[in-house]
Amino acid sequence: MHRRYVFACLALLITLPTQAATRFIVRFADAASAHAATQPDPAPSRRKRDVDPGQPRHVATLATGASVFDVDDGNPAHFVRFPGVVSVEEDRLVRPLALPDPLYGRQWHLHDARAGIDAEKAWPYTQGEGAVIAVLDSGSTPHPELDGQLLPGYDFVSDASRARDGDGRDPDPTDEGDWEDPGDCGRRTGSRSSWHGTHVMALAAARRGNRLGVVGTAPAAKLLPVRVLATCGGYLSDVIDAVAWASGGEVQGVPPVARRADVINLSLGVAGSCGAALGDAVAQARSRGVVVVAAAGNEGVAASGMAPANCAGVISVGALDRQGWQAWYSNHGGGVTLAAPGGSLSGLRTDDMLSAVDQGARIRWRSVFGYLAGTSMAAPLVSGVVALMRSADPRLSADDVTRHLVDNARPARCPRGCGAGLLDAGATLDAVVQERGGEAL
Ligand SMILES: [Ca+2]
Ligand SMILES: [Ca+2]
């Protein structure tokens, strides 16, 4: 199954016909012969073309002086009519040599015709080159899918008692595990470490073509890992400072970010109003041109009651299931900007979202892949598409980004409301490129 998808994707990247060869590269003995062969027929005759389908048509002259011709019936014998021909060879199709990512076929959220975001239509334009996605989350783990993807991030967890790295803020955003023992955080039962930040980051920008695992929505974008969540969550004050820092603002005691993010992903939330301080941080980020994306929440209630999804100017993302319908757990209503695949959470894991995680139940053990579901998984798909958009047109404002995402979303079955519907990477990138003027990247 996945092989078929991978090949479909390669065909898109190449966008050349694969049937019988009709193009030839021809070398001539001298410039005069080449010139004679590549000049158009001074008296083109429709009747002549009718009886001579093999008339080579000049396509291009190459830097080496050789010429490229199209021949309708693919027969190189037609070149005998040209004087001074030295060699005729087929213009062969060259393919990318990277091997496919073996788990790509299971990433229905990227390519399923009904429930996916149609990423394969967006990738020929760009895979996110030059764009930066800040992921404010539990931090990153060493994982081959993130090798070369991570910019120097920061640990904004100020409370050493829950940070598990023995201190407050520091330049190492590594996830130390967020497992809970029974009784922690006021909960009776314990839980395993989630490696939530790694999963979210790989959904946004896992490496593509590395013969390993999964593919991110914007696989050539860079990730800025910012740790704000630890055991029992994280303080809003740390999130506020992290939004400021990732968007290029000054934060006391923290060196400025080397490259400000194009988009900030917030797969986190708390019930209640946005609040003035968080609202200020979001407004300042947007004033610097940074797009802020937040998960709408998993409580099955109105998204308008969940911060930061309800902060003014934030793109609030609801979740759809494997069938492309509103996920049962997703927050909903007028507070949702649009929706993206988040997994069914039905017990059938393959209907959830596959991404990179660590296998450790408490501390890091080894890099693996695993399924999670939630609006936390939907948001990074939107953030990834924002990176594609910014890569295609860095001049897009935060409002332009929202408008394109909304205008190009697909209708989704959301009886309780999921904003504009299903995120559509292909249609959105089509629109961005068209508005840019259609010039090549
Ligand atoms: Ca620390
Ligand atoms: Ca990969």
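In each ligand, atom 1 is the first atom listed, and ligand 1 is the first ligand listed. Throughout, numbering of the chain's residues begins at 1 and tracks the sequence. Values below: all heavy atoms of this structure, side chains included; hydrogens, waters and symmetry mates excluded. Predicted model, so just to flag it, every value in this text is computed and none were measured.
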Q.
I'd like to know if the Ca ion (ligand 1) has an N/O/S atom from D172 within less than 3.0 Å of it, counting both backbone and side-chain atoms.
A. no

Q. So, N210 and the Ca ion (ligand 2): N/O/S under 3.0 Å, yes or no?
A. yes

Q) Have S376 and H196 got a donor and an acceptor in their side chains that come within less than 3.5 Å? A) yes

Q.
Under 3.0 Å from the Ca ion (ligand 2), can any N, O or S atom of R208 be found?
A. no

Q: To 10°, measure the OD1(D167)-the Ca ion (ligand 1)-OD1(D165) angle for me.
A: 70°

Q: Determine which of the N, O or S atoms in D170 is closest to the Ca ion (ligand 1) and give its atom name.
A: OD2

(Q) Under 3.0 Å from the Ca ion (ligand 1), can any N, O or S atom of R169 be found? (A) no

Q. At their closest point, which heavy atom of S316 faces which heavy atom of A296, and how far apart are they?
A. OG-CB, 3.7 Å

Q) Just checking, is any N or O donor in the side chain of D399 or T402 under 3.5 Å from an acceptor N or O on the other one? A) no

Q | salt bridge (Lys or Arg N to Asp or Glu O under 4.0 Å) partner of E180, chosen from R187, R362, R188 | A | R187

Q: Using the ring of Y371 (Phe, Tyr or Trp, six-membered ring only), decide whether R106 places NZ or CZ under 6.0 Å from its centre and within 45 degrees of its axis.
A: no

Q: Considering just N/O/S atoms, say which atom of D155 is closest to the Ca ion (ligand 1).
A: OD2

Q: Using the Ca ion (ligand 2) as the apex, give the angle to atoms OE2 (E145) and O (R207), rounded to 10 degrees.
A: 120°

Q. Any N/O/S atom of G216 sitting less than 3.0 Å from the Ca ion (ligand 2), backbone or side chain?
A. no

Q) Hey, which N, O or S atom on D101 ends up closest to the Ca ion (ligand 2)? A) OD2

Q) Got a sec: does the CD1 of I363 have more than 12 other heavy atoms crowding it under 6.0 Å? A) no

Q | Side-chain donor-acceptor pair present, Q323, D351, cut-off under 3.5 Å | A | no

Q. Above 12 or not: heavy atoms from other molecules or residues under 6.0 Å from CZ of R27?
A. no

Q.
Taking N, O or S atoms only and a limit of 3.0 Å, check whether V214 reaches the Ca ion (ligand 2).
A. yes

